[in-house]
Asker: 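My questions will all concern the structure given below.
These values consider heavy atoms only, across backbone and side chains, with no hydrogens, waters or symmetry-generated copies. First the proteins, then the strands, lettered A, B, ... as listed; each starts at 1.
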Amino acid sequence: MESILNPWSWYVSGPLITLVMVLLLYFGKTFGMSSNLRTMCSIAGAGKFADFFKFKWKDQLWNLTVVAGAIIGGFIATQYLSNDNGTNLNPQTVVELQNMGFKNSGETLVPDEIFSIEALKTPKALILLIIGGLLVGFGTRYAGGCTSGHAITGLSSLQKPSLIAVIGFFIGGLIMANFILPLIF
Amino acid sequence: MKFLKFLLVGIFFGIVLVKSEAVSWYRIYEMFRFQSFHMYGIIGTAIASGILFLQISKKGYIKNIKSANIFVPKKENGLIRYIIGGIIFGLGWALIGACPGPMYILLGTGTYSMIIVILAAILGTFIYGILKNKLPH
């Protein structure tokens, strides 16, 4: 039980994520979480504005069900399968973040400085969440996939477009973490 | 009942991503600062086991639920959309520390402000849909 309650090591976690892909392929579907954003646009009536959203979204209900499950899974994992030991970060990371104004790094999954309800009372956190969401939502559809569709499924099936996309993910991530975040915080 | 298996896969996915700490904003930051092997280990072993599975299934040993071959859709060829779209995605990924899977999972862990991120991501996808024909692909 202790080994379940503690964080799982990378060599257990990686293959288990692939098992998600394998199960979905076995059920005749594919592993791609960002497609759901397009489906939700369609359901909300975005087809009136662009043909990109005119498709049979009912065929995507299985994927929205995966989303519903993922939310439940997140709840189960934190409520019943975790001790509150936090994340074992590199001490250097913790110091670095502290200097940027992030307290208690690793004690929670996300920093209170951006995500807490308290922080939302300041325009800064709210603007960051909105910009972050816009970038992810726009970028993932432009690139035709996200971490699950390109990095896991695409690279596992040795597809060149996915390799290019993942290189792009890393260029963007490196720029944000190394150059832009230090300017914001 | 048809959907139950997808709900269960989703639950499993959510649990794995929380327990692996892949939903942690800090883990993503640490990865992009090259200060930990953890995320590289996860992504690396995921891809390695994925390649292994798909190579074996290609030989026809593994069939899907309908007894047909395992099928992975091909991404269309291109360069600009993948590199530019990828960079835009990466900027957002490192800012909010969550990609489209973890967004929902974090909502389940009690990070309610993720609703704002999800709504903004839906809006971002909508903006792409509107501009699609004007963008280079």
Asker: Report which part of A:Ile184 has an atom under 4.5 Å of a heavy atom belonging to chain B: side chain, backbone, both, or neither.
Answerer: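 The side chain, not the backbone.
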
Asker: Please flag which part of B:Ile62 lies under 4.5 Å from any non-hydrogen atom of chain A: side chain, backbone, both or neither.
Answerer: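 Contact with chain A: none, neither part.
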
Asker: Which distance, rounded to the nearest 0.5 Å, do you find between the CD1 of B:Ile122 and the CZ of A:Arg38?
Answerer: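 Reported value, rounded in 0.5 Å steps: 14.5 Å.
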
Asker: Taking side chain as everything from C-beta outward and backbone as N, CA, C, O, which of these in B:Lys58 sits under 4.5 Å from a heavy atom of chain A? Side chain, backbone, both or neither.
Answerer: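 Neither the backbone nor the side chain of B:Lys58 comes within 4.5 Å of chain A.
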
Asker: Quick one: what part of B:Leu123 sits under 4.5 Å from any heavy atom of chain A, side chain, backbone, both or neither?
Answerer: both

Asker: With a 4.5 angstrom heavy-atom cut-off, is it the side chain or the backbone of B:Leu79 that approaches chain A, or both, or neither?
Answerer: both

Asker: With a 4.5 Å heavy-atom cut-off, do B:Leu91 and A:Ile131 have their side chains touching?
Answerer: no

Asker: Go through the atoms of B:Leu106 and report whether side chain, backbone, both or neither lie under 4.5 Å from a heavy atom of chain A.
Answerer: side chain

Asker: Is B:Phe13 in contact with chain A via its backbone, its side chain, both, or neither, using a 4.5 Å heavy-atom distance?
Answerer: both

Asker: From the options A:Thr93, A:Leu97, A:Thr87, A:Val110, select the one residue that forms a side chain to side chain contact (heavy atoms under 4.5 Å, CB included) with B:Tyr26.
Answerer: A:Leu97

Asker: Is it the side chain or the backbone of B:Glu21 that comes within 4.5 Å of chain A heavy atoms, both, or neither?
Answerer: side chain

Asker: Identify which part of A:Leu158 has an atom lying under 4.5 Å from any heavy atom of chain B, answering side chain, backbone, both or neither.
Answerer: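 The side chain, not the backbone.
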
Asker: Where does the angle between the aromatic ring planes of A:His150 and B:Tyr82 fall among parallel (under 30°), tilted (30 to 60°) and perpendicular (over 60°)?
Answerer: perpendicular

Asker: Counting C-beta onward and ignoring hydrogens, is there a side-chain heavy-atom pair between A:Leu135 and B:Phe89 closer than 4.5 Å?
Answerer: no

Asker: Does CG belonging to B:Asn77 count more than 12 external heavy atoms closer than 6.0 Å?
Answerer: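 Count not over threshold, so no.
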
Asker: Is A:Leu181 close to chain B through its backbone or its side chain, or both, or neither, when contacts mean heavy atoms under 4.5 Å?
Answerer: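 A:Leu181 touches chain B through side-chain heavy atoms alone.
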
Asker: Are B:Ser49 and A:Thr18 linked by a side-chain donor-acceptor pair shorter than 3.5 Å?
Answerer: yes

Asker: Tell me, for A:Asn63 versus chain B, whether the close heavy atoms (under 4.5 Å) come from the side chain, the backbone, both or neither.
Answerer: neither

Asker: Against chain B, label A:Glu96 side chain, backbone, both or neither, depending on which of its atoms sit under 4.5 Å from a heavy atom there.
Answerer: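 Side chain only.
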
Asker: Between B:Thr111 and chain A, which part of the residue has a heavy atom less than 4.5 Å away: side chain, backbone, both or neither?
Answerer: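 Interface part for B:Thr111: side chain.
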
Asker: What class does the angle between the rings of A:Trp62 and B:Phe6 fall in, given that below 30° is parallel, 30 to 60° is tilted and above 60° is perpendicular?
Answerer: tilted

Asker: Measure A:Ser42 against the heavy atoms of chain B and call it side chain, backbone, both or neither at under 4.5 Å.
Answerer: neither

